[in-house]
J.: 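First, the structure itself, so that you have it in front of you.
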Amino acid sequence: MAEINDMTRVMRLLQFTDSQFPVGTFSFSNGLETASFEGIVKDAKSLKEFARSQSHQAAYSDGVACLHAYRAFMNGDLKRCMEIDSYLFRFKMNDEARLMAVRMGKKLAELGVKLYSNNFVKELLDSINKGETPGMYPVVQGIMFALAGVSEKDLFCSHQYGVINMVLGAALRCVKVSHYDTQQILEDLSEYIERLYNEASVMELSDMNAFYPQLDILASLHEKGNMRMFMN
């Protein structure tokens, strides 16, 4: 890969982290809609706790997978990326979480082919289209950030921002909170990201864990619910 300068790296980090980046994040709420409907999340305090739980669950699962995919790409190991991809797909407990991840992952892979002339990404997308690998979003995200020359620490930060911001963006449409509330929550939760990275960065795939049963119960309720604004 050609060397890129620091400002280009920052621009690419901002581009891939932007909520308007066209992979469909605006279509999902990470279970917040059901949590709001059930009265579990009803104000800024409960929203902060919900977003924190989502952040931690993602850090020790998707976050670990995206870091391993990043490293596999840097080693030119497509087979390893596909192994990580399949492992993460099997790790997900509910159908909508898998659906969200594969839809966004394929969109990101398609964008990667358009943005970069890179055989690794082309082969990955071809494998996704053939059904040889699911194409989970965190895995493709790790590959894309490595290809873009962004550091794995910044990748993890972007991953966490995406998880938290997805919840907070949805909250503005279904919870009685203001923009001031959501920005304060984002500010507060950002203080924990480096600790999460330090822990996730040394975890093996077999160390992945996501023991937040209430989140999984809410996801299962959403799959069968009639009232919804979001995919999940």
Side-chain angles (χ1 to χ4, degrees), residues 16-34 54 57-70 72-73 77-116 118 120-148 155-156 158-167 169-170 205 208-210 212 215-216 218-225 228-232:
F16 295 155
T17 308
D18 195 319
S19 61
Q20 298 302 310
F21 193 60
V23 293
T25 55
F26 61 88
S27 301
F28 302 93
S29 74
N30 261 350
L32 177 67
E33 182 186 24
T34 303
Q54 290 284 5
Q57 185 185 59
Y60 301 132
S61 54
D62 291 355
V64 175
C66 74
L67 291 174
H68 278 275
Y70 181 103
F73 173 84
D77 194 342
L78 179 60
K79 181 181 178 182
R80 176 59 177 162
C81 283
M82 292 171 67
E83 290 171 353
I84 298 165
D85 197 29
S86 295
Y87 190 96
L88 182 61
F89 183 84
R90 295 193 303 272
F91 183 85
K92 294 290 183 181
M93 289 189 65
N94 62 81
D95 288 338
E96 286 198 344
R98 289 190 289 269
L99 176 65
M100 175 178 73
V102 296
R103 282 188 177 180
M104 291 170 55
K106 184 176 181 181
K107 283 290 185 185
L108 184 55
E110 290 170 346
L111 274 169
V113 169
K114 295 288 186 182
L115 292 172
Y116 304 109
N118 181 272
F120 194 105
V121 180
K122 290 177 182 177
E123 290 177 25
L124 175 68
L125 180 59
D126 187 51
S127 295
I128 293 171
N129 288 329
K130 289 179 179 177
E132 297 171 349
T133 194
M136 300 289 280
Y137 181 70
V139 174
V140 183
Q141 189 179 30
I143 294 168
M144 284 290 292
F145 273 68
L147 178 59
L155 158 65
F156 188 85
S158 176
H159 157 73
Q160 280 286 298
Y161 176 86
V163 170
I164 296 169
N165 201 47
M166 186 187 298
V167 171
L205 289 182
M208 282 169 43
N209 63 85
Y212 286 82
L215 297 182
D216 293 314
L218 289 171
S220 66
L221 288 173
H222 189 271
E223 289 179 11
K224 301 175 182 178
R228 60 171 61 199
M229 296 170 61
F230 302 92
M231 290 296 295
N232 82 356

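Heavy atoms only: backbone and side chains are in, while hydrogens, waters and symmetry mates are out. In this chain, residues are counted from 1 in sequence order. In this text the structure is predicted, and so the values were computed from the model without any measurement.
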J.: Once rounded to the nearest 0.5 Å, what's the spacing between atom CD1 of I84 and atom NZ of K79?
T.: 12.5 Å
J.: On a heavy-atom basis, which atom in L111 and which in F21 lie closest, and how many Å separate them?
T.: CD1-CZ, 3.8 Å
J.: Got a salt bridge between D126 and K130, using NZ or NE/NH1/NH2 to carboxylate O under 4.0 Å?
T.: yes
J.: Would you say the side chain of F16 lies within less than 4.5 Å of the side chain of M144, judging by non-hydrogen atoms?
T.: yes
J.: Apply side chain to side chain contact (heavy atoms under 4.5 Å, CB included) to residues Q54 and I164 and explain how you reach the verdict.
T.: CA-CA 7 Å; Q54 290 284 5; I164 296 169; over 6 Å; no
J.: Mark yes or no for whether D85, through its side chain, and G135, through its backbone, hold a donor-acceptor pair below 3.5 Å.
T.: yes
J.: Restricting to non-hydrogen atoms, name the atom on G63 and the atom on F156 that form the minimum distance, rounded to 0.1 Å.
T.: CA-CE1, 4.0 Å
J.: Hey, what do you get for CD (E123) to CE (M82), rounding to the nearest 0.5 Å?
T.: 10.0 Å
J.: Could you pull out the closest heavy-atom pair between T17 and Y161, with the gap in Å?
T.: CG2-CD2, 3.2 Å
J.: What is the distance from atom SG of C66 to atom CD of Q160, rounded to the nearest 0.5 Å?
T.: 9.0 Å
J.: Looking at every non-hydrogen atom in both residues, tell me the closest pair between N129 and K106 and how far apart they are.
T.: OD1-CE, 3.1 Å
J.: Determine whether F120 and L78 satisfy the following criterion, side chain to side chain contact (heavy atoms under 4.5 Å, CB included), listing intermediate values before the conclusion.
T.: CA-CA 7 Å; F120 194 105; L78 179 60; 3.8 Å; yes
J.: Which atom pair, heavy atoms only, marks the closest approach of K107 to V23?
T.: CB-CA, 4.0 Å
J.: So, for A109 and I128, which heavy atoms are closest and what is the spacing to 0.1 Å?
T.: CB-CD1, 4.1 Å
J.: Hey, does V163 have a side-chain heavy atom less than 4.5 Å from the side chain of Q57?
T.: no
J.: Measuring from R98:CZ to R90:CZ, what's the distance to the nearest 0.5 Å?
T.: 11.5 Å
J.: Check whether any side-chain heavy atom of K92 sits under 4.5 Å from a side-chain heavy atom of D62, and report yes or no.
T.: yes
J.: Any sub-3.5 Å donor-acceptor pair from R80's side-chain atoms to A69's backbone N or O?
T.: no
J.: How long is the straight-line distance from SG of C81 back to CD1 of I143, given to the nearest 0.5 Å?
T.: 4.0 Å
J.: Using ring centroids (six-membered ring only for Trp), state whether Y70 and F145 fall under 6.0 Å.
T.: no
J.: Side chains of M136 and M100: does their closest heavy-atom pair fall under 4.5 Å?
T.: no
J.: What is the distance from atom CD of Q141 to atom OG of S158, rounded to the nearest 0.5 Å?
T.: 5.5 Å
J.: Using the six-membered ring wherever Trp is involved, compare the ring planes of Y87 and F91 and label them parallel, tilted or perpendicular (cut-offs 30° and 60°).
T.: parallel
